[in-house]
Number of protein chains: 2
Amino acid sequence: MIAILRQHIIDRLGNDIDNLDLVLSHFEPVKTKRNQILVAQGEVCQYVYFIAKGCLQVYTYDQEANETTRDIVIEGTWCSELSSFGTGNPATENIRTIEPCELLAIDRQSFKKLVESVPQFDKVYKQILEASYNNSVYRINTFMTLTALERIKWLMQFRPKLMTRVSSKLIASYLGINKDVYSRLKAKL
Amino acid sequence: MIAILRQHIIDRLGNDIDNLDLVLSHFEPVKTKRNQILVAQGEVCQYVYFIAKGCLQVYTYDQEANETTRDIVIEGTWCSELSSFGTGNPATENIRTIEPCELLAIDRQSFKKLVESVPQFDKVYKQILEASYNNSVYRINTFMTLTALERIKWLMQFRPKLMTRVSSKLIASYLGINKDVYSRLKAKL
DNA sequence: TGCCAACGATGACAAAAGTCGATGTTTTAG
DNA sequence: CTAAAACATCGACTTTTGTCATCGTTGGCA
């Protein structure tokens, strides 16, 4: 499983990385069932995960247990509640496996040590942060204007595989529309 | 004007900062009129701005010239199109002054040099990035669920000064609702 | 394997948001 | 200072979105 992460890092930072094995040695493989809570809002996020296989939901919920899904993240990417992970403050979001997953987890202490001691790993962190930021900005600019129908078309164009991979309920919550509306509009395409 | 930036940095990183004067020497004071375009989508963002005084709009527009405002940023904070600034790719967002402004601008070359040569400045960059990211995540999680009325109440609670400082049209675009709807709902509070 | 809970689709209706045109008011360049 | 443009509000109307109840299907777990 580590091999996937090794390849991922080499793809981004090139082959000439000192200490790559040292870096990789801090990651722990984790296998999960579906519906496992990895991060709970209110608690400190202790790990950054690299998804080798599977699919995660990043979401919040309010008093009435209404869920909003900020992101659905699949294999080959990083996932964490970065704000909490970085500061040690309570997380504002939850992360849940929506499939059985194979993850590589690195804890806060190891992460901090690596960022400080391995300059190349500091770059990895910056890349994760920048990618996450760009993703969020894109999402705001895209979704704020789109109607329900346009959001569905966006999904079909840019993340078509999600539509068959995860439940309609989840998709609707990710698109920010009502599940009944999603069902109706989808039928009319 | 530089004094404001000096204070801002000291507030965040403490007083024992090497090279603070060197860092500050790379910032150029800029005074602008209102309605000045600082960054245009399609072009590379060349500066990061610290707002000493005034107010900026970060927005996108589509083919039909519909504007979406992702953020309204006021004095005491940083503003840039970070993705473009970092990579040199064309910007996807515009930045415009909505008041006469006093800004401190640092260009890409100087910025890169400082990030590499002054470890403390690297921390400044990380703080900007993390704050921007947290801001975006918060915005997604907040606005995706709220109705038009709830968004207005949110504004009144968390950014009340904006309501009198900038135009209703701009506020509406920031909240992601139609300006007529904003006008009507606001009247009923 | 079989049962139950969760899921997905759909019709009827309610509520919210958007559109458009008209009108009076502010702003702002010249 | 003034004319033109942009802005804010409002009523009437349309469209979109949300809600609720129902019903058949699916799929996960004991």
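Each chain gets a letter, A, B and so on, in the order its sequence line appears, and its residues count up from 1. Every value quoted in this text rests on a predicted model; they were computed, and no experiment measured them.
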| task | Considering only NZ, NE, NH1 and NH2 on the basic side and carboxylate oxygens on the acidic side, decide whether B/K113 and B/D107 come within less than 4.0 Å. | result | no
With side chains defined as the heavy atoms from C-beta onward, is the minimum distance between A/I152 and A/I177 less than 4.5 Å? yes
Double-helix bend of the helix from C/dT1-D/dA30 to C/dG30-D/dC1, axes at both ends from 5 pairs, round to 10°, gives 70°
Contact span of DNA chain D against chain B, any nucleotide atom under 4.0 Å from a heavy atom, 5' to 3', runs D/dC7 to D/dA12
Describe the nucleic acid contact of B/R34 in one word from base, sugar-phosphate, nothing, applying a heavy-atom distance below 4.0 Å.
-> sugar-phosphate
Taking only N/O atoms, report every protein-nucleotides 2-6 of chain C pair under 3.5 Å with atom names and distance.
none

- Query: Once the angle between the rings of A/H8 and A/W78 is folded into 0 to 90°, is it parallel (under 30°), tilted (30 to 60°) or perpendicular (over 60°)?
  - Reply: perpendicular
CD of B/E28 to CD1 of B/I2, rounded to nearest 0.5 Å, is 10.0 Å
The salt bridge (charged side-chain N to carboxylate O under 4.0 Å, His left out) partner of A/E99 among A/R34, A/K33, A/R165 is A/R165
Inset, instruction - Kindly indicate, with the supporting measurements, whether the criterion side chain to side chain contact (heavy atoms under 4.5 Å, CB included) is fulfilled by B/S80 and B/V39. - result: CA-CA 8 Å; B/S80 183; B/V39 178; 5.8 Å; no
Sequence neighbours excluded, the answer for side chain to side chain donor-acceptor pair (under 3.5 Å) partners of B/N35 is none
Can you check whether B/F111 and B/Y47 have ring centres sitting under 6.0 Å from each other?
no
B/K179 NZ to C/dC20 P, in whole Å, measures 11 Å
Would you kindly check if the NZ (Lys) or CZ (Arg) of B/R96 is within the cone defined by 45 degrees around the ring axis of B/Y59 and under 6.0 Å from the six-membered ring centre? yes
Quiz item: Which is true for A/S167 with a 4.0 Å heavy-atom rule: it touches a base, it touches only sugar-phosphate, or it touches nothing?
Solution: sugar-phosphate
Could you list the protein-to-nucleotides 13-18 of chain C atom pairs, N/O on both sides, closer than 3.5 Å?
from: C/dA17; atom 1: OP1; to: B/A148; atom 2: N; distance (Å): 2.8
from: C/dG18; atom 1: OP2; to: B/N178; atom 2: N; distance (Å): 3.1
from: C/dG18; atom 1: N7; to: B/R184; atom 2: NH2; distance (Å): 3.1
from: C/dG18; atom 1: O6; to: B/R184; atom 2: NH1; distance (Å): 3.1

Here the salt bridge (Lys or Arg N to Asp or Glu O under 4.0 Å) pairs for residues 139-164 of chain A, sequence neighbours left out, are A/D71-A/R159
So B/K33, base contact, sugar-phosphate only, or nothing? Heavy-atom distance under 4.0 Å. nothing
Would you check if B/C55 and B/V73 make a side-chain contact, meaning some heavy-atom pair closer than 4.5 Å?
no
From CG of A/D180 across to P of C/dA12 the rounded distance in Å is 15 Å
query = B/M144 versus A/R70: any side-chain heavy-atom pair under 4.5 Å?
reply = no
B/N35 CG to C/dA29 P, in whole Å, measures 7 Å
Checklist entry - Between A/W154 and A/F143, is a side chain to side chain contact (heavy atoms under 4.5 Å, CB included) present by the stated rule, with each step listed? => result CA-CA 9 Å; A/W154 175 89; A/F143 279 63; 3.8 Å; yes
